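Working notes, structure below.
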There are 2 protein chains.
Amino acid sequence: MKVSTKVEYGMLALTDIALYSDNGSSVSAPDIAERQNISQKYLEQILTHLKQAGLIRAQKGLRGGYALTRPADAIRLSEILNALDTGILEPMNGTGKDGEHSLRDAVNTCLWAKINRAMLEFAESKTLSEFMQECREQMAGDWDLYII
Amino acid sequence: MKVSTKVEYGMLALTDIALYSDNGSSVSAPDIAERQNISQKYLEQILTHLKQAGLIRAQKGLRGGYALTRPADAIRLSEILNALDTGILEPMNGTGKDGEHSLRDAVNTCLWAKINRAMLEFAESKTLSEFMQECREQMAGDWDLYII
DNA sequence: TAATTACCTACTATGTCAATAGGCAATTTG
DNA sequence: CAAATTGCCTATTGACATAGTAGGTAATTA
């Protein structure tokens, strides 16, 4: 199971914004794209999703960009994953059409419901700032190499 | 994030085998395919994977088929997911090439490692038979509808 | 006014997934 | 032995989502 770049870039962008925003100032898409070495145009599309989900607000024009709507310690990872359409795992053919009681439906419902719950319980328990802090601790000295 | 039919069918096939095997007798691919209404040829490919992973053994010829190599209460869900190449989530570009210390790598490593751990802890804690039992309890009366 | 930025829409190439198909090898049963 | 059944191996294909590209418009600021 591969994680889409959409989710990867979305997480990365939020982290970048949290790191490089000064006092709620905006961080522009071109800046993020250059720092993280990802396609600017594609990033814009992803940021639009995050905006519509209410996680960031946008400011057009010169000196514009994006900023978090809430402080990083008030954003849960589960919100981010949900915003990027990745909150839950589900089988291809949505379970239980026509209410037919197939073994297939039973297995699907039971299994993925439980696995999703395990994932969500973790993602709901962690805030963006907590996650960044843990990241920082794990990377130890290397962290300073890419934080200006 | 969608779960592939490969995983879905694989789980389903193992459950089917566990249910319809009598005293370690074999269950044939054609039978499974018909009961669960999935493509026989495609199912064969998946069963081959499960065989190579050591979860089932195969018997060729008339009256042949597949059987669990261990009782269902000695098979953990994590083994099944791993056998179907779905044990872990990982970003598209495998993290950390060239040992460059990018923020991207840091976020990827830290995030997916934790989420995978949450999933695996669950999957390792459950055996196939426990899962089937919980499924049964949840479905209550409906269970008997498709168990001959 | 000019530059910068977000935003919107359409298009496209690539790759993976989910099969389909055909044939071969092994085994059992009559 | 013969025939049917079953697993196994490999190649091919159609559909679809992903990951990006591209171009233009609207808002904002210096």
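Owing to the predicted nature of the structure, the values given are computational and were not obtained by experimental measurement. To find a chain, count down the sequence lines: A is the first, B the second, and so on, and within it residues start at 1.
Rounded to an integer number of Å, the gap from OH of B/Y66 to P of D/dT5 is 17 Å. Distance CD1 (A/I38) to P (D/dT18): 17 Å, rounded to an integer number of Å. Atom NZ in A/K6 sits roughly 13 Å away from atom P in D/dA17 (whole-Å rounding). Atom NE2 of B/H49 is separated from atom C1' of D/dC8 by 13 Å (rounded to the nearest Å). In this structure, B/I46 places its CD1 atom 8 Å from P of C/dA19, rounding to the nearest Å. Put simply, CG on A/L43 is 14 Å from C1' on D/dT21, counting in whole angstrom units. Distance, B/K51 NZ to D/dT6 P: 17 Å, rounded to whole Å. Separating the CD atom of A/Q40 from the P atom of C/dA6 is a distance of 7 Å, rounded to the nearest angstrom.
For A/Y42, whose side chain is taken as the heavy atoms from C-beta onward, the closest listed nucleotide among D/dT21, C/dC7, C/dT20 is D/dT21. Side chain of B/A29, nearest nucleotide from D/dG20, D/dG7, C/dA19: D/dG7.
In terms of phosphate contacts, A/S39 brings no side-chain nitrogen or oxygen within less than 4.0 Å of OP1 or OP2 of D/dG20. Distances shown here put a side-chain N or O of B/Y9 below 4.0 Å from the OP1 or OP2 atom of C/dA19. The phosphate of D/dG20 has OP1 or OP2 within less than 4.0 Å of a side-chain N or O from A/T5. Residue B/S4 has no polar side-chain atom (N or O) positioned under 4.0 Å from OP1 or OP2 of C/dC17.
There is a side-chain donor-acceptor pair under 3.5 Å between B/S102 and B/D105.
Using a 4.5 Å heavy-atom cutoff, the side chains of A/L55 and A/K51 are not in contact.
Of the possible polar contacts, none joining the B/Q52 side chain to the B/H49 backbone as a donor-acceptor pair under 3.5 Å is found. B/R57 contributes no side-chain N or O that, together with a main-chain N or O of B/A67, makes up a donor-acceptor pair within less than 3.5 Å. At least one donor-acceptor pair under 3.5 Å links the side chain of B/T127 to the backbone N or O of B/E130. Under the 3.5 Å distance criterion, the side-chain polar atoms of A/S25 are matched with a main-chain donor or acceptor of A/D22.
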Quick one, give me the B/S/- string for nucleotides 23-30 of chain D, reading 5' to 3', where B means a protein heavy atom under 4.0 Å from the base and S means that only happens at the primed atoms, P, OP1 or OP2.
BB--BBSS
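The side-chain hydrogen bond (donor to acceptor under 3.5 Å, both in side chains) search around A/E44 returns A/Q40, not counting sequence neighbours.
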